[in-house]
There are 2 protein chains.
Amino acid sequence: MRIGELSRRTGVHERLLRYYEQQGLLYPERAPSGYRSYQESDVETVRRIRRLLSAGLNTETIATVLPCVRVKAGNLVPVCPEVIDDLRAHRERLTQAIEELLASRDLLDAVLEAAPLELTR
Amino acid sequence: MRIGELSRRTGVHERLLRYYEQQGLLYPERAPSGYRSYQESDVETVRRIRRLLSAGLNTETIATVLPCVRVKAGNLVPVCPEVIDDLRAHRERLTQAIEELLASRDLLDAVLEAAPLELTR
DNA sequence: CTAAGCTCTGACATCCATGTCAGAGTCAAA
DNA sequence: TTTGACTCTGACATGGATGTCAGAGCTTAG
């Protein structure tokens with residue numbers, strides 16, 4: 001498919017699809033005209049990219065990480081240990097943030113529970 | 001304490017402490033001289049801010065989320081209906097942030113699971 | 001009191017992810 | 001074949017987090 005359709009199907013600005021390619025996250029084929037030609041699977045890849053970005057990873061890290069995901073797709077891709085370590089570190093940070101927010105929410109719940117009943121609705 | 005000490009104790013650039021204040025994440029008192037005067041508790045607050053930032057939250061989101069954390073400080077929360085509503089709204093924001101981070105972590109887990117076994121340690 | 005070291009504000013700079021636009025070429029339906 | 005929609009590249013702009021610097025005003029040890 002061409003870039004317009006991929007953009008429509010993912011909700012991601014064409015400009016960004018080109019940018020992701022430039023950053024090594026996507027590598028569509030090219031028609032003789034020069035038009036980019038994307039695989040069906042790129043739809044899912046783009047969504048993954050977006051999720052990883054919103055998780056706080058940068059494009060460079062994502063570039064090293066996407067091939068791992070592709071392992072699942074059946075291709076063999078060697079991944080160096082330090083990347084794995086990076087990912088684990090990032091996972092750790094996410095976990096900390098999650099726990100922090102969970103604790104905050106529990107506290108909030110306690111306060112809300114302590115609120116006079118007549119205010120609860 | 002003044003900004004230099006807070007910076008030293010948290011490892012966060014003074015420039016950023018001023019920026020966080022500007023974004024409504026910190027609001028130190030001011031000495032007559034105009035110098036910022038931070039609470040002891042701000043050390044922990046700054047660390048929290050950094051953790052949340054590295055988890056991919058932006059300062060605006062953090063600003064909506066930090067007040068919940070501040071309940072923890074043991075302050076009495078005046079319980080009028082609008083406060084209750086505020087708290088519920090805060091809880092909602094917390095829940096959203098938590099869910100986003102959980103989704104991010106799940107994705108990361110999927111990537112890590114796909115990593116070659118020999119690299120798992 | 002003075003010098004050294006802090007702090008203040010405000011401006012400018014940088015990096016990354018995005019947005020937007022212009023000018024030129026391509027595709028496809030009428 | 002023409003026209004409108006699509007795509008290409010490249011450049012410039014923006015927004016958020018961060019770094020850096022200048023000039024001026026505090027603070028405090030000596």
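Order of the sequence lines fixes the chain letters, A, B, ..., with proteins taken first and strands second; residue numbering starts at 1 for each chain. Quick caveat, the model's predicted, so the values are computed rather than measured.
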What's B:E14 touching, base or sugar-phosphate or nothing? Going by heavy atoms closer than 4.0 Å.
sugar-phosphate
Under 4.0 angstrom, heavy atoms only, what part of the nucleic acid is B:R8 near: base, sugar-phosphate, or nothing?
nothing
Between the protein and nucleotides 28-30 of chain D, which nitrogen or oxygen pairs come in under 3.5 angstrom?
none

To check you understand the geometry: which heavy-atom pair defines the closest contact between [X] and [Y], and what is its length?
X     : Y     : value
A:S37 : A:P28 : O-CB, 3.5 Å
B:Y27 : B:G24 : CE2-O, 4.0 Å
B:L25 : B:T59 : CD2-O, 3.4 Å

Check the distance between [N]'s [atom2] and [X]'s [atom1] and give it to me in whole angstrom.
X     : N      : atom1 : atom2 : value
B:L17 : D:dT18 : CG    : P     : 11 Å
A:L6  : D:dC6  : CG    : C1'   : 14 Å
B:L57 : D:dG16 : CG    : C1'   : 14 Å
A:R30 : D:dC8  : CZ    : C1'   : 8 Å
B:E60 : D:dA17 : CD    : C1'   : 14 Å
B:N58 : D:dG15 : CG    : C1'   : 11 Å
B:I49 : D:dG16 : CD1   : P     : 17 Å

Report the residue (B:T59 or A:R15) whose heavy-atom-nearest nucleotide on DNA chain D is the more 5′ of the two.
A:R15
Any B:S33 side-chain N or O less than 4.0 Å from OP1/OP2 of D:dG25
no
Is there a side-chain contact between [X] and [Y] (heavy atoms, below 4.5 Å)?
X      : Y     : value
A:R9   : A:E40 : yes
B:L102 : A:L94 : no
B:L53  : B:Y20 : yes
B:R30  : B:R36 : yes
A:Y38  : A:L17 : yes

Start and end of chain A contact along DNA chain C [non-hydrogen atoms, under 4.0 Å]
C:dC16 to C:dC27
Specify the residue among A:Y19 and B:R18 whose closest nucleotide of DNA chain C lies further upstream toward the 5′ end.
B:R18
